[in-house]
Trainee: 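Here it is, the structure, as structure tokens.
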Number of protein chains: 2
Amino acid sequence: MIRLSRLSDYGIVLMTRLAREPARALPASVLAQESALSPAMTGKILKLLARADLLVSQRGVHGGYALARAPERITIAEIIEALDGPIALTSCLRPTAEGCGIESVCPARTNWQRINQAIRDALAGVTLAEMASPPRNFGPAPSASPRRAAAPARDPAGLVITSLGAK
Amino acid sequence: MIRLSRLSDYGIVLMTRLAREPARALPASVLAQESALSPAMTGKILKLLARADLLVSQRGVHGGYALARAPERITIAEIIEALDGPIALTSCLRPTAEGCGIESVCPARTNWQRINQAIRDALAGVTLAEMASPPRNFGPAPSASPRRAAAPARDPAGLVITSLGAK
DNA sequence: CGAAATAGAACCGATATGGTTCCATTTCAA
DNA sequence: TTGAAATGGAACCATATCGGTTCTATTTCG
């Protein structure tokens with residue numbers, strides 16, 4: 001159901017926490033505690049984010065993690081990509097041959113890119129700063145965003161945004 | 001990695017095929033063959049789409065499936081919702097209590113909606129008609145779309161849209 | 001030197017997903 | 001009227017993936 005992996009979910013929470021004090025470096029232990037995540041998971045995620053150059057790390061006794069860039073310059077898309085790999089909505093866009101066997105026929109073939117592009121833009125249009133800053137009062141968007149989907153309040157199909165855990 | 005389930009993937013392919021001849025009703029068997037999908041899978045998917053009122057079905061010997069509405073009035077979001085349930089990007093938005101345990105603390109809490117809204121809009125902004133009609137020449141959008149994410153061609157973070165199967 | 005931290009890899013269990021199979025029902029035509 | 005062609009619906013299964021843990025190595029400072 002187009003769901004975000006837990007990894008990315010948690011990752012965004014952690015990054016958002018760090019974005020509240022972009023200057024300070026916090027150790028994984030306190031990030032874990034403040035975010036109510038297990039230290040193990042937290043460590044794993046932070047390592048991945050650091051390897052993707054979204055965080056800088058300091059080892060040793062007073063070490064920790066800090067954002068590698070200003071929160072305004074980090075997008076949700078980057079975080080997700082760092083934790084879960086490339087954003088791919090379909091298997092149809094295989095780069096080369098050995099595709100789905102109906103490349104020449106598949107009517108949707110060329111247009112998958114529309115969907116991927118739309119999602120990509122949506123995710124790249126939300127910055128960490130936006131996630132962190134205005135706790136509420138989400139209205140016409142703080143205009144801090146580079147460029148967003150217009151996002152009129154209409155509810156086209158009654159999509160219910162609800163829990164993942166709902167079994 | 002924010003991936004579309006195979007169900008939705010296939011579903012979109014099938015719907016797109018049907019959108020090419022919105023008037024005609026095609027039996028599952030030919031849809032399966034033309035889309036290179038197993039008859040079983042195809043049947044399953046079409047049944048789900050019919051139950052969601054995106055397709056109308058005709059039983060009996062000369063039966064088949066046809067779009068329930070004009071392709072311009074069916075969005076990708078609807079198809080995905082029909083096949084994979086509600087579009088949910090995070091487990092954080094639990095409707096009621098028993099949440100993640102840090103509701104009051106979680107810095108990202110209120111802003112998850114930004115992401116969900118962005119994705120939702122992106123998906124609801126792509127219609128079946130767009131997926132089916134102009135085989136190529138995707139540029140300023142045929143303006144048939146109700147309202148799209150502006151989708152400038154820039155590549156913000158070098159996201160690679162690639163295969164799912166890549167193990 | 002030792003404690004506190006990150007780096008990195010391997011490992012494991014559950015479950016969700018892709019896919020199939022079976023049976024019931026409807027419809028039409030020979 | 002009977003049977004073939006189609007959809008409706010549910011149950012079932014296997015495996016890949018994902019969430020999560022554990023263990024070890026390395027760095028850094030007091």
Side-chain angles (χ1 to χ4, degrees), chain A residues 1-11 13-14 18 24-33 35-66 68 80 83-85 88 90-91 100 163-167, chain B residues 1-11 13-14 18 24-33 35-66 68 80 83-86 88 90-91 100 164-167:
Chain A
M1 74 205 83
I2 292 213
R3 51 178 255 285
L4 204 58
S5 73
R6 289 264 165 94
L7 230 60
S8 291
D9 184 338
Y10 299 161
V13 170
L14 292 170
L18 282 168
R24 270 182 70 194
L26 298 176
S29 54
V30 346
L31 285 170
Q33 195 162 351
S35 304
L37 299 176
S38 86
M41 263 273 85
T42 305
K44 181 182 189 172
I45 293 170
L46 292 171
K47 288 168 197 170
L48 287 171
L49 290 170
R51 210 184 314 187
D53 288 322
L54 294 179
L55 294 179
V56 289
S57 64
Q58 171 65 29
R59 293 169 81 155
V61 68
H62 285 133
Y65 294 92
I80 294 174
L83 294 175
D84 287 319
T90 172
S91 51
C100 57
S163 162
L164 269 184
K167 184 176 299 179
Chain B
M1 72 205 84
I2 291 215
R3 51 178 254 285
L4 205 59
S5 73
R6 290 263 166 96
L7 229 60
S8 290
D9 184 339
Y10 300 160
V13 170
L14 293 170
L18 281 168
R24 268 182 72 194
L26 299 176
S29 55
V30 346
L31 286 170
Q33 195 161 350
S35 303
L37 299 175
S38 86
M41 264 270 84
T42 306
K44 182 181 188 173
I45 293 169
L46 292 172
K47 288 168 198 169
L48 287 171
L49 290 170
R51 209 183 315 187
D53 289 322
L54 293 179
L55 294 179
V56 289
S57 64
Q58 172 65 28
R59 295 170 80 155
V61 69
H62 285 133
Y65 293 92
I80 293 174
L83 295 175
D84 288 319
T90 172
S91 51
C100 57
L164 268 184
K167 181 176 299 180

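To find a chain, count down the sequence lines: A is the first, B the second, and so on, and within it residues start at 1. Heavy-atom basis, side chains included; hydrogens, waters and symmetry copies ignored.
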Trainee: Considering non-hydrogen atoms only, spot the tightest contact between Leu14(A) and Ser35(A) and give its length.
Mentor: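 Looking at all heavy atoms of both residues, the shortest contact is CD2-OG, 3.5 Å.
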Trainee: Just how far is it from atom CG of Leu83(A) to atom NZ of Lys44(A), taken to the nearest 0.5 Å?
Mentor: 10.5 Å
Trainee: Leu46(A) and Leu31(A): which non-hydrogen atoms are nearest, and at how many Å?
Mentor: CD1-CD1, 3.8 Å
Trainee: Quick one: closest heavy-atom pair of Thr42(B) and Ala32(B), and the distance?
Mentor: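 Closest approach of Thr42(B) to Ala32(B), heavy atoms only: OG1-CB, 3.3 Å.
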Trainee: Let me know the distance between OH of Tyr65(B) and C1' of dA5(D), rounded to the nearest Å.
Mentor: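 It works out to 13 Å between those atoms.
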Trainee: Whole angstroms only, please: what is the CG-C1' distance between Leu26(B) and dT7(D)?
Mentor: 14 Å
Trainee: Which of residues 40-54 of chain A have a heavy atom under 4.0 Å from DNA chain D?
Mentor: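 Of all residues in residues 40-54 of chain A, the ones placing a heavy atom under 4.0 Å from DNA chain D are Ala40(A), Met41(A), Lys44(A).
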Trainee: Give the rounded distance in Å between these two atoms: CZ of Arg6(A) and C1' of dT15(C).
Mentor: 11 Å
Trainee: Can you tell me how far C1' of dG8(C) sits from CG of Leu55(A), to the nearest Å?
Mentor: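 Those two atoms, CG and C1', are 16 Å apart.
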Trainee: Could you tell me which non-hydrogen atom of Tyr65(A) sits nearest to which non-hydrogen atom of Leu18(A), and how far apart they are?
Mentor: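 Closest approach of Tyr65(A) to Leu18(A), heavy atoms only: O-CD2, 3.5 Å.
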Trainee: Within the structure provided, determine whether Leu7(A) and Met41(A) are in side-chain contact (heavy-atom separation under 4.5 Å).
Mentor: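 Touching, per the 4.5 Å side-chain cut-off.
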Trainee: Where do Ala25(B) and Gly64(B) come nearest, in terms of heavy atoms and distance?
Mentor: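 Closest approach of Ala25(B) to Gly64(B), heavy atoms only: CB-C, 4.2 Å.
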Trainee: Kindly write out the residues that satisfy salt bridge (Lys or Arg N to Asp or Glu O under 4.0 Å) with Arg59(B), not counting sequence neighbours, or none if the list is empty.
Mentor: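 Arg59(B) satisfies salt bridge (Lys or Arg N to Asp or Glu O under 4.0 Å) with no residue once adjacent residues are dropped.
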Trainee: Any chance you could list the contact pattern along nucleotides 24-30 of chain D? Use B for base contacts, S for sugar-phosphate-only contacts and - for none, protein heavy atoms under 4.0 Å, 5' to 3'.
Mentor: --BBBS-
Trainee: Output the distance between atom CG (Leu55(B)) and atom CD1 (Ile45(B)), rounded to the nearest 0.5 Å.
Mentor: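 One finds 11.0 Å between CG of Leu55(B) and CD1 of Ile45(B).
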Trainee: dG19(C) P sits how many Å from Leu14(B) CG, rounded?
Mentor: 13 Å
Trainee: Establish, with yes or no, whether the OP1 or OP2 oxygen of dG20(D) is under 4.0 angstrom from a side-chain nitrogen or oxygen of Tyr10(A).
Mentor: yes
Trainee: Considering every strand and a 4.0 Å limit on heavy-atom distances, what is the contact class for Ser38(B): base, sugar-phosphate, or nothing?
Mentor: sugar-phosphate
Trainee: Round to the nearest Å and state the distance from Asp84(A) atom CG to dG19(D) atom P.
Mentor: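 Taking CG of Asp84(A) and P of dG19(D), I get 7 Å after rounding.
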Trainee: Does a side-chain N or O of Ser57(A) approach OP1 or OP2 of dA7(C) to a distance below 4.0 Å, or not?
Mentor: yes
